2 protein chains.
Amino acid sequence: MPNAVSRSAATKPARKRRERGSISTDLIIAGAFEVARASSLDELSMTVLADHLDVAVTSIYWHFRKKDELLRAMTEVAIRKQHDSIPPPRDDEGWQDMLRRQMTAIRALHREDEVLSDLVLRTPAYSREATQRAMEDLEVTVAKLAGAGFPARTALVAVNAIMMYTRGIITYERTLRRSDAVILGGRQRQMIDWSGLPLLDSLIDRQPLAGTSDQDFEFGISRLIAGFEALLREA
Amino acid sequence: MPNAVSRSAATKPARKRRERGSISTDLIIAGAFEVARASSLDELSMTVLADHLDVAVTSIYWHFRKKDELLRAMTEVAIRKQHDSIPPPRDDEGWQDMLRRQMTAIRALHREDEVLSDLVLRTPAYSREATQRAMEDLEVTVAKLAGAGFPARTALVAVNAIMMYTRGIITYERTLRRSDAVILGGRQRQMIDWSGLPLLDSLIDRQPLAGTSDQDFEFGISRLIAGFEALLREA
DNA sequence: ACCTGAACACCGTTCAAGT
DNA sequence: ACCTGAACACCGTTCAAGT
């Protein structure tokens, strides 16, 4: 915290003027990630960011005309990081393992980087480059399924489906974590009258209610893959 | 717009004092939904809501101590509406059709009511009643699968998985619609160099890029159900 | 018990002005 | 070309005061 001086006092920092090239768009983006990671993306404000960078708020507006423009730039960075973290297909594995590894990697990344997750899930890709990269990845993945006998169209829709499932898990887990800070652990269990719920009563015990585990995630992935395999056998 | 008078002029409305019981929490919630539906949940502010209700902003704070409290109340309403819109299982249908109908109904609801969607997806259930209702629904659904031969634990995880898939589709479609207002139709196609992408080039034509169709949604549902059936056969 | 205006801290953004 | 402070409209919230 570079300027944790006086908040309430009327004395203003009276900052020294910075040199001309002393802040760049890259520095601002990096600073924005630092602020967001230290608190959250929601709490990232232009004012706080400016303080963090020890710059006048308005200086940021020379590099980014709107806050939204800064967020877009951050999203590009996040999308690239996600792209780089997805393992490429290997020749020595089947399409099933490829899908499993890719989806697991995406989920892991979103779990360990909430800011990235919030950025990426908020919007589709902005730039041409990001879209191009995404399409190239998709082409390779779809080709792998097509090579295994799936019609091209089916391969595309299948990849799409397993990504939607992963997305659902990711957003749900994100929602849980967001509110867990408030709700505090699984004391929900006591709120419920279990008398009419014999099945659930026997299943949901100590573990946090409706939480998502690695096994639960794996289950859905396996079932989708099994469903794809069934389609392959029919042809 | 009850008070679309002067914004810039220094003359303030000078409102007449309202009677004591003239606004209730229910009226405020209803008004909040009206404002949100007319614009969006993001644009719902206490000030705008107060204007809409022709009430002083601070009056709302007597009924709801925080904006978050109002949002919670709205979420409860939304969750109840979602609950009521999900068709109950029928005796003359199998578990497959039940799941299909339920997931389709949820997706349809979220498509036609964006405000509900934003509220419900933002947070898990708050109140005891909502949680209780959700658990009762879940019990019935899980019981149907269990009756078909699934172990109880598997039935629960399966229902969870298909809900996660549906959630992924819903959030993705929501994201698309949010940005479609900006991006404007599928002119993305021209941005991309298709030379290295023979498969995708042949598949993605006129239709909006990466859009989600009813058939795509159906595909994932079918594959999951097929995956569940495979599990049943193994036992 | 319920409604109200004044007031505050914060936030995104514009603009005219510095160097 | 790049950095800055003053200023504005808006937003959530508190508080003391009305009836």
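Since this is a predicted model, take the numbers as computed values, not measurements. Chain identifiers are assigned alphabetically (A, B, ...) following the order of the sequence lines, protein sequences preceding nucleic acid strands; residue numbering begins at 1 within each chain.
Whole-Å rounding puts the Arg18(B) CZ to dG18(D) P distance at 22 Å. The separation between Lys66(A) atom NZ and dG12(C) atom P is 12 Å, rounded to whole Å.
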List the steps and the verdict of side-chain contact (heavy atoms from CB on, under 4.5 Å) for Phe217(A) and Met103(A). CA-CA 10 Å; Phe217(A) 173 67; Met103(A) 297 305 118; 4.1 Å; yes
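Remark: Lys16(A) is not in phosphate contact with dC3(D), judged by side-chain N or O atoms under 4.0 Å from OP1 or OP2. Between Ser22(A) and dC3(D), a side-chain N or O to OP1/OP2 separation shorter than 4.0 Å is present. Dashed line: the shortest gap from a side-chain N or O of Thr47(A) to OP1 or OP2 of dC10(C) is not under 4.0 Å.
You'll find that the side chain of Thr58(A) is closest to dT14(C), out of dT14(C), dC3(C), dG12(D). Checking dT14(C), dT4(C), dT14(D) against every side-chain atom of Ser59(B), the shortest atom distance belongs to dT4(C). Closest to the Arg17(B) side chain, of the nucleotides dT4(C), dC3(D), dG12(D), is dT4(C). Of the candidate nucleotides dG12(C), dT4(C), dC2(D), dG12(C) has the atom lying nearest to any side-chain atom of Lys67(A). Checking dG12(C), dC3(D), dG5(D) against every side-chain atom of Tyr61(A), the shortest atom distance belongs to dG12(C).
Ser45(B) comes within 4.0 angstrom of sugar-phosphate atoms only, judged by non-hydrogen atoms across all strands, and of no base.
Side chain to side chain, Asp193(A) and Ser195(A) meet the donor-acceptor criterion of an N or O pair below 3.5 Å.
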